[in-house]
Amino acid sequence: LFMSDLSEFNVLEQQIKDTLNLEHVIITPGNSDEHALVKQELGKTAVDYLHSILVSNQTVAVTGGTSMTAVAEMMRPSNHAVNCLFVPARGGLGERVENQANTICAEMAKKANGDYRLLYVPDPLSEDTYQSIIEEPSVKEILHNIRQANVVVHGIGDALTMAKRRKASEEVLHKIQSGNAVSEAFGYYFDDTGEVIHKVRTVGMQLEDLSKIKSVIAVAGGKSKAKAIHSYFKQGKSSVLITDEAAAKELIKGF
Ligand code: G3H
C-alpha cells in the first residue's frame with residue numbers, strides 16, 4: 001500500500017498507533033472541545049468498534065465521564081453479541097450522577113438489550129470503610145463480575161480538570177499539581193511519564209487488572225486532551241484509542 005493511497009486520517013492513525021504502541025486507533029473528524037456533535041460521533045464510533053469485537057455473553061466494564069455518556073447515548077443492540085453484561089469499572093469518583101459509571105452502565109445495558117450490575121459504594125472511601133465494604137457479599141459478587149470483564153471502555157481526562165470537576169480536596173489538588181499530573185483515567189492520575197501521582201480509593205478495577213483484559217478501549221477527543229492522552233498511554237494499559245481529529249493533530253506535534 002502506498003502513502004498516496006491512504007487518506008490523511010489513515011496516515012495519522014498509523015502514526016499514533018506506532019508511536020503509542022497501540023493495536024488500533026480510530027480518528028473521527030472535528031474537535032469535541034467545540035462541538036457536542038463531534039463527541040456524539042466519537043461515541044458512535046466507539047459503539048461501532050465495540051460491536052466489531054464483542055461476542056455473546058461477554059462482560060463489558062465502563063467508566064464515567066461525558067465521553068462515556070456519548071458512548072451510552074449512541075449504544076444500540078448488536079445483532080451478533082447478545083446477552084452481554086455491563087458493569088461499572090470502579091466505584092464512585094465524585095462525578096455528578098449523569099457522569100457516573102453506574103448511570104452510563106445501566107443506560108448502555110438497556111440500549112444493548114443486555115443486563116447490568118451496579119456498584120453502590122460511597123465516595124471517597126476511608127481505608128476502614130474500604131476494607132469492610134469489599135467483604136460485603138453483594139459487593140464481592142459484582143467485584144467478581146468486574147474482574148471477569150472481557151472488554152473495558154473508558155475515558156481519559158486532563159488531570160486538573162478532572163480533579164476540580166470531582167471536587168477533590170485541597171490536599172489532593174496540591175498533590176496533583178505538585179506531582180505534575182497530566183492525565184486521569186479510572187480515578188488514577190498520571191504524570192507525563194505515565195507514573196501514578198494519585199489514586200482515588202474506591203472498589204472495582206485496579207490498574208494492574210487491566211493487563212489481563214484483552215480489549216481496553218479509550219475514548220477521548222478534543223484538542224485540550226492531547227497531552228492527557230499522551231501521558232495516559234505512557235503506561236500502556238489500553239490497546240485501542242478512539243479519538244478525534246483535533247486531539248490527533250495536536251498529539252502528533254508532541255511526537
Ligand atoms: O476518566 C476520565 C474522565 O472521565 C473523562 O471525562 O469524558 O468528561 O472528559 P470526560
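- Contact between Met74 and Gln40 at its shortest, heavy atoms only, is CG-O, 3.4 Å.
- Of the possible donor and acceptor atoms, one in the side chain of Thr103 sits under 3.5 Å from a partner among the backbone N and O of Val97.
- Here the rule is side chain to side chain donor-acceptor pair (under 3.5 Å) with Lys39, and of Thr28, Thr69, Asp244, Thr66 only Thr66 fits it.
- Partners of Phe186 by ring pair (Phe, Tyr, Trp, His ring centres under 6.0 Å), not counting sequence neighbours, listed by chain and number: His154.
- Between Lys249 and Glu245 there is a salt bridge, since at least one side-chain N of the basic residue sits less than 4.0 Å from a carboxylate O of the acidic one.
- Connection of Val200 to Leu160 is established within a shared hydrophobic cluster, with ILVMFWY side chains joined at heavy-atom distances below 4.5 Å, either directly or through further cluster members.
- Side chain of Asp33 to main chain of Ser224: a donor-acceptor pair is present (N/O by atom type, distance under 3.5 Å, no hydrogens or angles).
- A salt bridge does not link Asp158 to Lys164: none of the charged nitrogens lies less than 4.0 Å from a carboxylate oxygen.
- A ring-centre distance under 6.0 Å is not found for Tyr188 and His198.
- For Asp191, the salt bridge (Lys or Arg N to Asp or Glu O under 4.0 Å) test picks out no residue, with sequence neighbours left out.
- Applying the 6.0 Å contact sphere to NZ of Lys111 captures more than 12 heavy atoms from other residues, nucleotides or ligands.
- Asn145 and Glu141 form no side-chain donor-acceptor contact under 3.5 Å, judged by distance and modelled atom types alone.
- In terms of modelled atom types and a separation under 3.5 Å, the side chain of Thr63 and the main chain of Ala101 share no donor-acceptor contact.
- A donor-acceptor pair is defined here as one N or O able to donate and one able to accept, closer than 3.5 Å; such a pair exists between the side chain of Thr243 and the backbone of Ala220.
- Heavy atoms from other residues, nucleotides or ligands lying under 6.0 Å from CD of Gln131 number more than 12.
- Listed by chain and number, the residues in a side-chain contact (heavy atoms from CB on, under 4.5 Å) with Val203 are Leu119, Val121, Leu125, Tyr130, Ile133, Ile134, Leu143 (sequence neighbours excluded).
- Around the CZ atom of Arg201, the shell of radius 6.0 Å holds more than 12 heavy atoms that belong to other residues, nucleotides or ligands.
- More than 12 heavy atoms of other residues, nucleotides or ligands lie within 6.0 Å of OH in Tyr49, so this atom counts as buried by the packing criterion.
- Atom CD of Glu170 has 12 or fewer heavy atoms from other residues, nucleotides or ligands within 6.0 Å.
- Salt-bridge formation is detected for the pair Lys253/Glu250: a Lys NZ or Arg NE/NH1/NH2 atom is positioned less than 4.0 Å from an Asp or Glu carboxylate oxygen.
- Counting non-hydrogen atoms of other residues, nucleotides and ligands closer than 6.0 Å to NZ of Lys199 gives a total above 12.
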